[in-house]
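Presented below is the structure to which this report refers.
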Number of protein chains: 2
Amino acid sequence: MSLATDAADQPTLYKRIRADIEKRILTGEWPPGHRIPFEHELVARYGCSRMTVNKALSELAQADLIERRRRAGSFVRRPQHQSAVLTIADIRAEITALGRSYGYELIGRKLRAATAADRDRLGVKKAGKVVAIACRHSADKVPFAVEDRLIDLSSVPDAATADFSREPPGSWLLHHVPWTEAEHTISAIVADDRTAEALDIAVGAPCLVIDRYTWRSARTITAVRLLYPGDSHRLVARFKGG
Amino acid sequence: MSLATDAADQPTLYKRIRADIEKRILTGEWPPGHRIPFEHELVARYGCSRMTVNKALSELAQADLIERRRRAGSFVRRPQHQSAVLTIADIRAEITALGRSYGYELIGRKLRAATAADRDRLGVKKAGKVVAIACRHSADKVPFAVEDRLIDLSSVPDAATADFSREPPGSWLLHHVPWTEAEHTISAIVADDRTAEALDIAVGAPCLVIDRYTWRSARTITAVRLLYPGDSHRLVARFKGG
DNA sequence: TTGACTTATATGTCTAGACATATAATCGTA
DNA sequence: TACGATTATATGTCTAGACATATAAGTCAA
């Protein structure tokens, strides 16, 4: 995993400056707290204008690799928390990306006025109607995950008439509701009877749970719970620093 | 976007431009695929130089909110994957941040020549010595997580003499090994006898597992497995887009 | 219709300045 | 010694230009 390519093939100057500094930080040559050269020193070293080094340093600051302090200089940040970037793909995309055949099966779909439990789950005080969907995703005919979803129809009216018997609701929403925000909660449970049957695992086997709550500009869109067989599925997250 | 209502309290112009555009994207006013105004149009609208709008647009591109194409313009990106930022804090920091009292207990520490299993776990072909550590973290006297760690002494020689009876190895490493990279794998298991006893839960209860593999510039540092009671602990990840 | 060539244009990068602003360091005073 | 005022300075933002470059779109010939 080449973290910094050779300086010579870097296309532009500011990218080369950024890569040079990033390399020194990541290899530990410049440890946390180290003051990196002043802008005017880098200007002299690279023979360019201040705007060019400023752009390089600004990007490093945006990436939280350095901290810039007026009058004091720029310092390598001490990574106090481990911020991992976790990619939770659309399940269909995830499975096909693995080169396996994707299978989808709608277990149940109900359109109803929101119950108290529904409102609680969606985090709204009063809601009109909701769609509740249960479905199963499989890879190479083997159960991959079961999904239990609630969609707020006051935010996504089209979901009332959408055909979820062939298209998974996650994919449908991805194409019909642009730019949502979401919060994920990851936990573990053991399979109860229904879950065990749906995932074709033993009762009492471990399951990885992802609860996702999605909204757009303060409007609730959907709440979904995904259950994966805990011993087969893996969520991988990578991060830099810390 | 109110260009007439000149907000004197707005921090800076380029940040205002960025915020204006970001808002339109996030509210869905400008959906994915929408071409946002050309730089020269924004220059006219805001009455500033091109470098200023360029800085705003560059930051939006860096945040993956827009895509910039030469000659064609800048377009709102379609969020194809759900990239969540998952913060996995140092456990001590995590517990104290919750306002609970942190407790730490070293269960075992062994310095040994790396076995085949150790080498496999660390992903190295030949290693000299390693330290194996087992410890337990608790919050308000209640078991919070158990940790099973391997440190490669050829990368971190100081770990051989570090006193892990009082300081958790995670915290120690955080202060002694700067700027690592890591990969996390999240899964679920059910507690076996030893785990159940260490976490004070029932045998067969669900556990959330985080395996973290850490390196710095191609050198393996440590491999650690953290076990959390699955029904109590939650990993929260937030993301924008998708 | 298709492919090759040309042109127009939006973004990418860069310059050599400018003034603003926060703040570390210094100095002066009580 | 402690504290308040002053000064120096590194970063933050911005300008009005410049040339480079990728590429969408148009042009023309086979």
Side-chain angles (χ1 to χ4, degrees), chain A residues 4-22 24-25 30 32-78, chain B residues 1-4 6-22 24-25 30 32-78:
Chain A
T5 49
D6 196 0
D9 68 331
Q10 280 289 342
T12 63
L13 182 51
Y14 92 87
K15 281 183 181 164
R16 210 180 88 207
I17 299 173
R18 173 160 63 73
D20 281 357
I21 295 170
E22 188 171 334
R24 293 199 147 128
I25 293 173
W30 287 348
H34 178 91
R35 209 211 74 225
I36 74 174
F38 294 130
E39 290 190 352
H40 66 82
E41 293 175 304
L42 292 169
V43 161
R45 177 179 308 184
Y46 288 96
C48 61
S49 79
R50 190 165 80 91
M51 277 300 285
T52 301
V53 307
N54 184 282
K55 180 158 186 170
L57 295 179
S58 294
E59 289 196 4
L60 288 170
Q62 217 180 326
D64 260 352
L65 242 70
I66 66 171
E67 183 187 349
R68 314 201 72 199
R69 291 206 296 271
R70 279 183 143 120
R71 163 73 212 243
S74 300
F75 300 83
V76 177
R77 265 183 72 96
R78 181 178 313 282
Chain B
M1 97 186 45
S2 53
L3 62 139
D6 192 28
D9 62 326
Q10 277 289 344
T12 62
L13 181 52
Y14 92 87
K15 280 183 182 164
R16 212 180 86 209
I17 299 173
R18 173 160 62 74
D20 282 354
I21 296 170
E22 190 171 335
R24 294 199 177 193
I25 294 173
W30 287 350
H34 177 90
R35 208 211 76 222
I36 74 176
F38 293 131
E39 290 190 353
H40 65 82
E41 294 175 302
L42 292 169
V43 161
R45 178 177 308 186
Y46 288 94
C48 61
S49 80
R50 190 165 80 90
M51 276 300 283
T52 302
V53 307
N54 183 281
K55 180 159 186 169
L57 295 179
S58 293
E59 288 196 4
L60 287 170
Q62 217 180 326
D64 262 351
L65 242 68
I66 67 170
E67 184 186 351
R68 314 201 71 200
R69 290 207 295 271
R70 278 184 144 117
R71 163 71 209 240
S74 300
F75 300 83
V76 177
R77 265 183 73 95
R78 181 176 315 281

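To find a chain, count down the sequence lines: A is the first, B the second, and so on, and within it residues start at 1.
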Next item on the list: Return no unless some side-chain N or O of A/Lys55 is found under 4.0 Å from OP1 or OP2 of C/dC14.
Entry: no
Next item on the list: Mind listing the closest non-hydrogen atom pair of A/Glu22 and A/Leu65 along with its distance?
Entry: CG-CD2, 3.6 Å
Item checked: Minimum heavy-atom distance A/Lys55-B/Asn54, with the two atoms named -> NZ-OD1, 4.5 Å
Grab the [atom1]-[atom2] distance between [X] and [N] for me, whole Å please.
X: B/Glu59; N: D/dT13; atom1: CD; atom2: P; answer: 8 Å
X: A/Leu57; N: D/dA10; atom1: CG; atom2: C1'; answer: 11 Å
X: A/Met51; N: D/dA10; atom1: CE; atom2: C1'; answer: 15 Å
X: A/Tyr46; N: C/dA16; atom1: OH; atom2: P; answer: 18 Å
X: A/His40; N: C/dA16; atom1: NE2; atom2: C1'; answer: 17 Å
X: A/Leu42; N: C/dC14; atom1: CG; atom2: P; answer: 14 Å
X: B/Gln62; N: C/dT11; atom1: CD; atom2: P; answer: 17 Å
X: B/Glu67; N: D/dA22; atom1: CD; atom2: P; answer: 16 Å

Under the 3.5 Å rule, do the base of [N] and the side chain of [X] count as making a donor-acceptor pair?
X: A/Arg50; N: D/dG12; result: yes
X: B/Arg70; N: D/dT21; result: yes
X: A/Arg71; N: D/dT7; result: no

Consider the side chain of [X], meaning its heavy atoms from C-beta on, and name the nucleotide among [options] that approaches it most closely.
X: A/Glu39; options: D/dT11, D/dT13, C/dC14; answer: D/dT11
X: A/Thr12; options: C/dG12, C/dA24, C/dT13; answer: C/dT13
X: B/Ser74; options: D/dA22, C/dT11, C/dT23; answer: C/dT11
X: B/Asn54; options: C/dC14, C/dG12, D/dC14; answer: C/dG12

Note to self: My understanding is that only one of B/Arg68, B/His34, B/Arg69, B/Arg35 makes a side chain to side chain donor-acceptor pair (under 3.5 Å) with B/Ser74; could you say which?
What the structure shows: B/Arg68
Check: Of B/Pro37 and A/Gly47, whose closest DNA chain C nucleotide lies nearer the 5' terminus?
Finding: B/Pro37
Next item on the list: Could you pick out which residue, B/Thr52 or A/Arg69, lies toward the 5' side of DNA chain D when each is mapped onto its nearest nucleotide?
Entry: A/Arg69
